[in-house]
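Comments concern the structure below.
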2 protein chains.
Amino acid sequence: MYLKDITLFNSLSKKNLEEIEKISSKEDFKAGNIIFYEGDKPIFLHILLEGVVKLYKTDSKGRQIYIHQFTPVSLIGELANFENILFPATAEAITKCKILKIEYSKFDNNFLRNPNVSFEIIKSLSKKTKILSNIIHQEMILSTDAKIAKLIVEHLELFKQLKNGQIASLVNITPETLSRILTKFKKKRYIESTNSHNLAILDKKSLESLYR
Amino acid sequence: MYLKDITLFNSLSKKNLEEIEKISSKEDFKAGNIIFYEGDKPIFLHILLEGVVKLYKTDSKGRQIYIHQFTPVSLIGELANFENILFPATAEAITKCKILKIEYSKFDNNFLRNPNVSFEIIKSLSKKTKILSNIIHQEMILSTDAKIAKLIVEHLELFKQLKNGQIASLVNITPETLSRILTKFKKKRYIESTNSHNLAILDKKSLESLYR
DNA sequence: CGGTCTCTTGATTGTTGTCAAAGGCGGTGG
DNA sequence: CCACCGCCTTTGACAACAATCAAGAGACCG
């Protein structure tokens, strides 16, 4: 993948692209590798070119608080660069990944004045603000029951694909709690399941009423 | 205050300003009035010109979850406009306020392509992402003790100005819990207070170790 | 000095996480 | 084809944390 194929940069001149080329490098990460840790200094601007990256925070007891998963092409952690703060979360490759790293201190702020670049940045930042706003809603407003009800209604496919433990970590609860809630929902006839990877909604309205 | 005095717009041409003038209006709010509710459709882009605005969410039990306070000049709730989603939080005037309301559907997206305008938007969005990131850290990572310790170290002045109930609502805990934690900190000789509006730090390091 | 608001303290509850054990399910190798 | 093993899920008992409810103490103001 070339720089000019990155939407963010596709309106830049050849000269600009060469400038960016000079201050950037591509790095490969294996699944499980950490791209940056929460608390690290943001020296590079990171752009995910290939693979899937998980973003999470770590609480005082060492538990991971899942925030988001990124797919290409995405800016990752740009907030830290823009605001000149330490990375507020950890980015981990969950598949083989290719990341473009741009030396942010040398990154000409004038690029940000390019109308198309800044438009893309606005889109990226806006998307992230929305993500964080959703996280806040999910974690601070919804009860555990409500979180699960929402997940069932809006992402039923996850239950067919993932194990309980994985689902639980997506919504930051324990597998035990998830199991108990699913059992409760089954008792109330909101859902039904013959085997573990076959969950069906019986009463969508009741589920929705838990989080609306 | 004229449009051209708003940093966001000060690089726009006279013609552009007139265009915006046509699709905007100023509205005054009294202290306590609601500027928009969580769940409202974002018809207008809101810019705070005068006064102080509190942003909060409401949980299922009717409690307010405090998010942020805005002072002039600030875009408020622009995320909802940009992402075309319902307002994720409620904005309430906590003093007399003056708000510029721009009809977003008529707001020429080309303004966003103006380098200086988009630069300001990036700054605003970046700031908000940081605010939300901080909220997530404060509410999901820090324990109650840690929140209070941080508040004491970083904003001691609040304790001299506000009542316990007000401080408690800033960090989304109950006054009772705040009182208990302050008592505990006093017992441990982390802080000391002769009267209620006179709090002094005795052991900054111990306080910091609670949240670092 | 009385009254009201605020703060403190205790007892209790609700919610979810933790720890532990048992049950079920599927896959593998004999 | 079956027995066994390992992982996942379920269930129970318990702990931790902060909210709630209630009562009493204290501070501030007219």
Side-chain angles (χ1 to χ4, degrees), chain A residues 56-66 135 138-152 158-188 190-199 210-211, chain B residues 56-66 135 138-152 158-188 190-199 210-211:
Chain A
Y56 60 85
K57 288 175 79 77
T58 307
D59 76 10
S60 55
K61 285 169 193 150
R63 285 177 302 221
Q64 289 183 11
I65 311 281
Y66 171 85
I135 293 281
Q138 181 183 97
E139 298 298 319
M140 298 172 58
I141 306 293
L142 299 183
S143 69
T144 317
D145 286 12
K147 283 202 262 189
I148 302 305
K150 191 163 191 241
L151 196 66
I152 292 172
L158 292 176
F159 288 85
K160 315 201 183 225
Q161 293 163 6
L162 303 178
K163 292 171 216 174
N164 271 359
Q166 297 175 297
I167 294 171
S169 70
L170 285 182
V171 285
N172 297 314
I173 63 171
T174 59
E176 293 94 325
T177 300
L178 175 57
S179 173
R180 284 186 240 270
I181 292 172
L182 290 178
T183 303
K184 183 165 69 183
F185 286 178
K186 282 170 198 163
K187 267 207 193 94
K188 293 191 176 184
Y190 293 169
I191 57 173
E192 173 176 71
S193 81
T194 48
N195 66 66
S196 75
H197 279 272
N198 189 330
L199 196 71
L210 290 176
Y211 62 87
Chain B
Y56 61 86
K57 286 173 81 75
T58 306
D59 75 8
S60 55
K61 286 171 191 150
R63 283 177 304 221
Q64 289 183 9
I65 311 282
Y66 171 86
I135 293 281
Q138 182 184 94
E139 298 298 321
M140 300 172 58
I141 306 295
L142 300 182
S143 69
T144 317
D145 285 14
K147 283 203 263 187
I148 303 303
K150 191 163 191 241
L151 196 66
I152 292 171
L158 291 177
F159 289 84
K160 313 199 185 224
Q161 293 162 7
L162 302 178
K163 291 172 216 174
N164 270 1
Q166 297 175 296
I167 294 171
S169 69
L170 285 182
V171 285
N172 297 315
I173 62 170
T174 60
E176 291 95 323
T177 300
L178 175 57
S179 173
R180 283 186 239 271
I181 292 173
L182 289 177
T183 303
K184 182 165 70 183
F185 285 177
K186 281 171 199 164
K187 268 207 193 93
K188 292 191 177 183
Y190 293 169
I191 57 174
E192 168 174 75
S193 79
T194 48
N195 65 67
S196 74
H197 281 272
N198 189 332
L199 195 72
L210 290 176
Y211 63 88

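Throughout, a chain's letter reflects where its sequence line sits, starting with A, and its residues are numbered from 1.
Here the P atom of nucleotide dT8(C) and the CD1 atom of I167(B) are 10 Å apart, to the nearest Å. Between the P atom of dC7(C) and the NZ atom of K163(B) lies a distance of 7 Å, rounded to the nearest Å. In this structure, M140(A) places its CE atom 14 Å from P of dA18(D), rounding to the nearest Å. Between N198(B) atom CG and dA27(D) atom C1' the separation is 15 Å, expressed in whole Å. Atom CG of N164(B) is separated from atom P of dC5(C) by 17 Å (rounded to the nearest Å). Put simply, CG on L178(B) is 16 Å from C1' on dT20(D), counting in whole angstrom units. Rounded to an integer number of Å, the gap from NZ of K184(B) to P of dA16(D) is 13 Å. Counting to the nearest Å, the P atom of dC17(D) and the CG atom of L210(B) are 13 Å from each other.
Sorted by first and then second residue, the salt bridge (Lys or Arg N to Asp or Glu O under 4.0 Å) pairs with a member in residues 138-149 of chain A read E139(A)-K147(A), D145(A)-K184(A); sequence neighbours excluded.
Side chains of L210(B) and I148(B) form no contact here, defined as non-hydrogen atoms less than 4.5 Å apart. Counting heavy atoms from C-beta on, the side chains of S193(A) and K186(A) come closer than 4.5 Å. Annotation: side chain of I152(B) is not in contact with side chain of Y190(B) (no heavy-atom distance under 4.5 Å).
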* To do: Starting at the 5' end of nucleotides 14-27 of chain C, put B wherever the base has a protein heavy atom under 4.0 Å, S where only the sugar-phosphate does, and a dash everywhere else.
  => --SSBB--------
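For the side-chain contact (heavy atoms from CB on, under 4.5 Å) test with I65(A), the passing option among T58(A), N172(A), I135(A) is N172(A); the others fail. Screening L151(B), V171(B), I167(B) for a side-chain contact (heavy atoms from CB on, under 4.5 Å) involving L178(B) leaves a single residue, I167(B).
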